[in-house]
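One structure is given here, and the rest of the page talks about it.
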Amino acid sequence: MQGHDERKERAAEWAAEQLGLKSVRLIPVSADASFRRYFRCRAGGRSLILMDAPPEREDSAPFLDVAVRLHKAGLRAPEILAFDLEQGFGLLEDFGDTLYREVLDSSHHEPIDELLELLRAMAARVATHGLPEYSDQLLQQELELFPDWYLARHKGRGLNSAERAQWQSACALLLESAAQQPRAFVHRDFHSCNLLHTPSGPAIIDFQDAVRGPVSYDFVSLVWDRYISWPRQRIEGWMRELRPALAPTVAEAEWIRCCDWMGLQRNLKIVGIFARLAYRDGKQDYLELIPRFYDYLRDVAGRYRELQALSRLLEQSECAP
């Protein structure tokens, strides 16, 4: 028997008031890795999404700010019909249920071509003034999720002093590479489950953590996907295809390394986050996603002489999933 959901009742009352209705029925749509929840409701023949973002857990002001930036850039983000920051409730445009996860296929180009074009548009047109910086400090904090939550907590495998020094050296290389890239708008979680396929083109959701940061970041988020493992040859082809738009002054070989090393930073973070979600937040299903990302780490780290120590660590049997 399900427990009483007082907050859902409050959300329904708030939505009904905003829509001028006596009541609305909220149908669960999804929850994500944060404390946000999403429901669907209907009003005047139109389907809407209600966002429930408890204010003591989630600051929704960045979501509203980034939505305005995306709209001004001519990109598809949900229209915001009403939002109450104090209560953490919002009524949003409903883009439907077709995630790009469902239409991407490693043997077809068209759907991902739409997303590559979206990457170009975001980098060129979305204003970044006033956004938080994707600083070295933040990138390093994210990297530390891997030894802290994946290795130490999940695998029971701490780093000795020599390994810790090698880890810090590898992190320094990744951060230096990120700092040398052109800066642009970064969605920060640009992947097939945060992009909706609509008749009018791709629609963007879950953008509240956007920052100003390395221009390759959203690209690597897209191509090292949690459900589709793209062939290396195809990933490198997309790197070359995007370079004239995203990093025209960066030599091709350097750009490929920038993308690879940015992907390493993100995927080390992702493996650590999935372990943290399992052990801190009780979301055990995320552990099942780790092996694919760990394979990405092993593949890319093994390609670079400068990252041999990291590659050796990843290949150890007590570290592998």
Side-chain angles (χ1 to χ4, degrees), residues 5-103 114-115 118 121-122 125-127 130-132 185-211 218 221-222:
D5 192 337
E6 182 182 344
R7 184 163 175 84
K8 181 181 175 184
E9 288 185 3
R10 284 173 48 208
E13 291 170 2
W14 177 84
E17 183 181 348
Q18 301 303 311
L19 296 167
L21 301 173
K22 289 184 178 179
S23 65
V24 297
R25 182 182 175 215
L26 297 183
I27 302 170
V29 177
S30 68
D32 59 23
S34 72
F35 294 95
R36 287 180 297 273
R37 298 186 297 175
Y38 300 90
F39 301 91
R40 183 168 277 125
C41 62
R42 298 195 66 82
R46 182 183 184 185
S47 180
L48 302 173
I49 295 294
L50 184 139
M51 177 195 284
D52 171 17
E56 69 277 9
R57 298 282 197 172
E58 302 287 341
D59 178 9
S60 294
F63 175 84
L64 301 178
D65 171 63
V66 177
V68 171
R69 295 171 189 264
L70 293 170
H71 289 148
K72 285 184 176 178
L75 302 178
R76 294 210 73 202
E79 177 190 356
I80 298 168
L81 285 77
F83 213 102
D84 187 324
L85 284 172
E86 239 178 74
Q87 296 192 74
F89 299 139
L91 280 172
L92 316 175
E93 179 180 3
D94 186 358
F95 287 132
D97 293 316
T98 308
L99 299 171
Y100 267 85
R101 170 190 173 184
E102 299 164 29
V103 297
E114 298 172 356
L115 300 181
L118 177 55
M122 288 198 312
R125 305 205 308 252
V126 181
L131 282 178
F185 173 84
V186 174
H187 177 290
R188 210 168 159 201
D189 212 9
F190 190 89
H191 62 77
S192 62
C193 292
N194 282 336
L195 298 158
L196 286 154
H197 189 266
T198 78
S200 305
I204 312 165
I205 59 172
D206 208 21
F207 42 72
Q208 60 280 335
D209 294 326
V211 292
D218 284 341
S221 302
L222 175 66

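Just so you know, these numbers come straight off a predicted model, no measurement behind them.
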On a heavy-atom basis, which atom in [X] and which in [Y] lie closest, and how many Å separate them?
X: Leu99; Y: Cys193; value: CD2-O, 3.6 Å
X: Leu26; Y: Ala12; value: CD1-N, 3.7 Å
X: Arg76; Y: Ser200; value: NH1-CB, 3.6 Å
X: Ala77; Y: Glu93; value: O-OE1, 4.0 Å
X: Arg46; Y: Leu81; value: NH1-CD2, 3.7 Å
X: Leu196; Y: Gly96; value: CD2-O, 3.6 Å

Subject >> Under 3.5 Å: donor-acceptor pair, side chain of Asp84, backbone of Gly90 >> reply: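 Not at all, since once roles are kept as given, no pair shorter than 3.5 Å links the two residues.
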[X] [atom1] to [Y] [atom2] distance, which is reported to the nearest 0.5 Å:
X: Glu79; Y: Phe95; atom1: CD; atom2: CZ; value: 9.0 Å
X: Phe190; Y: Met122; atom1: CZ; atom2: CE; value: 4.0 Å
X: Ile49; Y: Arg40; atom1: CD1; atom2: CZ; value: 4.0 Å
X: His197; Y: Leu115; atom1: NE2; atom2: CG; value: 8.5 Å
X: Asp97; Y: Glu102; atom1: CG; atom2: CD; value: 8.0 Å
X: Phe185; Y: Arg69; atom1: CZ; atom2: CZ; value: 8.0 Å

Check: [Y] and [X] side chains under 4.5 Å, non-hydrogen atoms:
X: Met51; Y: Arg36; value: yes
X: Val126; Y: His187; value: no
X: Pro54; Y: Arg7; value: yes
X: Asp65; Y: Leu131; value: yes
X: Val24; Y: Leu50; value: no
X: Ile205; Y: Leu92; value: no
X: Val29; Y: Asp94; value: no
X: Phe35; Y: Glu56; value: no

**OP:** Apply the side chain to side chain contact (heavy atoms under 4.5 Å, CB included) test between Phe207 and each candidate in Asp189, Val66, Asn194, Val186; give the one that qualifies.
**Re:**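 So the option named by the test is Val66.
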Original post:
For the side-chain hydrogen bond (donor to acceptor under 3.5 Å, both in side chains) test, which of Gln87, Arg37, Arg10 pairs with Asp52?
Top reply: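 Checked Gln87, Arg37, Arg10 against Asp52; only one passes side-chain hydrogen bond (donor to acceptor under 3.5 Å, both in side chains): Arg37.
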Subject >> Derivation of the side-chain contact (heavy atoms from CB on, under 4.5 Å) call for Leu91 and Cys41 >> reply: CA-CA 9 Å; Leu91 280 172; Cys41 62; 4.1 Å; yes
Subject >> Residue list, side chain to side chain contact (heavy atoms under 4.5 Å, CB included) with Pro132, at least two apart or on another chain >> reply: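 Partners of Pro132 by the side chain to side chain contact (heavy atoms under 4.5 Å, CB included) criterion, ordered by chain and then number, come out as Val211.
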**OP:** Give me the ring orientation class for Trp14 and Phe89: parallel if the planes are under 30° apart, tilted from 30 to 60°, perpendicular past 60°.
**Re:**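 Correct class here is tilted.
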**OP:** Let me see the working for Gln208 and Asp206 under side-chain contact (heavy atoms from CB on, under 4.5 Å), right down to the final yes or no.
**Re:** CA-CA 6 Å; Gln208 60 280 335; Asp206 208 21; 2.6 Å; yes
